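What you see is a predicted model, and the numbers here were worked out from it, not measured in a lab. Quick note: residue numbers are just sequence positions, from 1.
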Amino acid sequence: MKNFRTEFRINPCQRRITHAEKMLTIGSCFSETIGNRLHQFKFQISVNPFGVVYNPIAIFENLTKALSGQPFDPGLSIQQHAKYYHFHSHSRLNALTKAELMDLLAQKQRETLHHLETGSHLFITFGSAFAYRHHKFNSIVANCHKLPQREFNKELLDFEQMKGSFEAFYKLLEQVNPNIQIILTLSPVRHIKDGVPENQLSKSLLRVFCDQIASSKSNVVYFPAYELMMDDLRDYRFYKDDLIHPNAMAEDYIWEKFQDSFFDAQTRKLIKEIDQLHKSLSHRPFEPLSIQHGKFLQGLLDKVDSLPTDLDFTTERSSILDQLHQIEAYQNSSVNQRNEDE
């Protein structure tokens, strides 16, 4: 039978990831895709503390500020629609006052610093080599916050800009955590708003940049999420309806490849157990207040108790106990009603 896909082998990372370590993801929305999966399976991780950031300059500047203790410039905040935003963070980080926004950003910096100092792995996903520079502030921004295009100048970053920004960050990182593993990825999302040829140009520059970093630093590796999407899957059936973002099937496939690269057999076994627990909890029972379902829930509770105690299953345990209490109350009410009828 003909092979209709181009599969390729990914070399496993020598430094495997376990649940005992802390991690940080930063960058484009693919950082959140992987980060949220890791969080779902109980890894200690901070996911995109500054929100989605696409270009390397903005990513490295935020990391550098966190390491150096340099606060965000209040002058780069704006008020829009009764809220305050900052040009160096995503719009989901907002507040009703400028002071509250600066406090929120300072909190995110502390969170980032903690994970950089104590973490085992840092995941960086580049989304685009195109960046937007604000005319008034002469600063490359992380997010334009839907301000008029005339306030910005769009520019294509060159290797010297990206390399200089990375080296400034890496020099500080070596001082606080020289053993951290940096994992670079290139977002599989198609940034076709820039134009299709322009998107390919952007991705090409970023891919070469990733290779330059990985080749020059022993603690930097590259995970080919972009290549998995473009060359292995390579079909619009693996995209959402917008034909830009990978769909759930594609995300699952890339996640499987990610597990192959970074997890050992024991960690993968634990992930499967947690996944099965979540699937069981999402199951809709035919009779949710029946004794039979109560036995099923008690079995799930026993399963939670058998999992490692250093992992946080507070949410799952609370959900199970709430349902068990509802069943108990219903059964007691039914018994009382029968006694009254008799």
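Side chains of P49 and N62 form no contact here, defined as non-hydrogen atoms less than 4.5 Å apart. Side-chain contact between H134 and E151 is present, with at least one heavy-atom pair separated by less than 4.5 Å. L122 has its side chain within reach of I26: a pair of non-hydrogen atoms, C-beta onward, lies under 4.5 Å apart. Looking at heavy atoms from C-beta onward, R37 lies out of side-chain contact with F43 at the 4.5 angstrom threshold. When side chains are defined from C-beta on, I213 does not count as touching I182, because their heavy atoms never get closer than 4.5 Å. Contact check for K65 versus H88: side-chain heavy atoms found under the 4.5 Å cut-off. V189 is listed as a side-chain neighbour of P246, based on a closest heavy-atom distance under 4.5 Å. When side chains are defined from C-beta on, S139 does not count as touching F87, because their heavy atoms never get closer than 4.5 Å.
By the 4.0 Å N-to-carboxylate-O rule, E167 lies close enough to K217 to be salt-bridged with it. Using a 4.0 Å cut-off between charged nitrogen and carboxylate oxygen, K42 and E316 count as a salt-bridge pair. With respect to K269 and E273, a salt bridge is recorded, a charged nitrogen being found less than 4.0 Å from a carboxylate O. Salt-bridge formation is detected for the pair E256/R268: a Lys NZ or Arg NE/NH1/NH2 atom is positioned less than 4.0 Å from an Asp or Glu carboxylate oxygen.
Judged by distance alone, with hydrogens and angles left aside, the side-chain atoms of Q161 form a donor-acceptor pair with the main-chain N or O of D158 at under 3.5 Å. Within the 3.5 Å criterion, the main-chain N or O of Y85 finds no donor-acceptor partner in the side chain of S89. Panel note: side chain T112, backbone K108; a donor-acceptor pair is recorded below 3.5 Å. The main-chain N or O of N179 is never found under 3.5 Å from a side-chain atom of N219 such that the two would form a donor-acceptor pair. Judged purely by atom type and a 3.5 angstrom limit, E32 has no side-chain atom pairing as donor or acceptor with the backbone of C29. Panel note: side chain H115, backbone E111; a donor-acceptor pair is recorded below 3.5 Å. Side-chain atoms of N332 come within 3.5 Å of backbone atoms of E328 as a donor-acceptor pair (strictly under, hydrogens ignored). With H86 contributing its side chain and M102 its backbone, the two residues share no donor-acceptor pair below 3.5 Å. No side-chain donor-acceptor contact under 3.5 Å links K171 to the backbone of F166. The backbone N or O of A58 lies less than 3.5 Å from a partner atom in the side chain of N55, making a donor-acceptor pair.
When all heavy atoms of R16 and H121 are compared, the pair lying nearest together is O-CE1, 3.8 Å. Residues F8 and P224 share a closest heavy-atom pair of CE1-CG, 3.9 Å. Across all non-hydrogen atoms, the minimal contact from L206 to G127 is CD1-C, 3.9 Å. When all heavy atoms of Q181 and V221 are compared, the closest pair comes out as NE2-CG1, 3.6 Å. Taking each heavy atom of I140 and A131 in turn, the nearest pair found is CG2-CB, 3.7 Å. Minimum heavy-atom separation, I10 to S261: CG2-OG, 3.4 Å.
The local environment of NE2 in H39 is sparse, with at most 12 non-hydrogen atoms from other residues, nucleotides or ligands closer than 6.0 Å. No more than 12 heavy-atom neighbours from other residues, nucleotides or ligands sit within 6.0 angstrom of CG on D241. For K272, the NZ atom counts as loosely surrounded, since its 6.0 Å shell holds 12 or fewer non-hydrogen atoms of other residues, nucleotides or ligands. The number of heavy-atom neighbours closer than 6.0 Å to CD of E117, taken from other residues, nucleotides and ligands shown, is above 12. More than 12 heavy atoms of other residues, nucleotides or ligands lie within 6.0 Å of NE2 in H135, so this atom counts as buried by the packing criterion. Heavy atoms from other residues, nucleotides or ligands lying under 6.0 Å from NZ of K257 number more than 12. Residue Q292 places its CD atom among 12 or fewer non-hydrogen atoms of other residues, nucleotides or ligands, all under 6.0 Å distant. Heavy-atom neighbours of K154 NZ from other residues, nucleotides or ligands within 6.0 Å: above the threshold of 12.
Between the side chains of T25 and S31, no donor-acceptor pair of N or O atoms lies under 3.5 Å. Side-chain atoms of D232 and Y253 include a donor-acceptor pair closer than 3.5 Å. Using a 3.5 Å distance cut-off with no hydrogens or angles, the side chains of D264 and T267 do pair a donor with an acceptor. Under the 3.5 Å distance criterion, with hydrogens and angles disregarded, no donor-acceptor pair is assigned to the side chains of S28 and T125.
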Full working for side chain to side chain contact (heavy atoms under 4.5 Å, CB included) between W255 and F41:
CA-CA 12 Å; W255 170 245; F41 292 112; 3.7 Å; yes

Passes side chain to side chain contact (heavy atoms under 4.5 Å, CB included), M23 versus S120? Steps please.
CA-CA 6 Å; M23 294 168 283; S120 63; 4.2 Å; yes

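The same ILVMFWY cluster, assembled from side-chain heavy atoms under 4.5 Å apart, contains both V220 and Y226. One hydrophobic cluster, built from ILVMFWY side chains closer than 4.5 Å, holds both L311 and L281.
Screening K203, R234, R207, R9 for a salt bridge (Lys or Arg N to Asp or Glu O under 4.0 Å) with E227, the sole residue that qualifies is R207.
In this structure, F258 has its ring center closer than 6.0 angstrom to the ring center of F123. For F130 and H191, the ring centers sit 6.0 Å or farther from each other. F223 and F30 have their aromatic ring centers separated by at least 6.0 angstrom.
F209 and F60 have perpendicular rings, their planes meeting at more than 60° on a 0 to 90° scale where under 30° would count as parallel.
Interatomic distance, I254 CD1 to Q259 CD, rounded to the nearest 0.5 Å: 13.0 Å.
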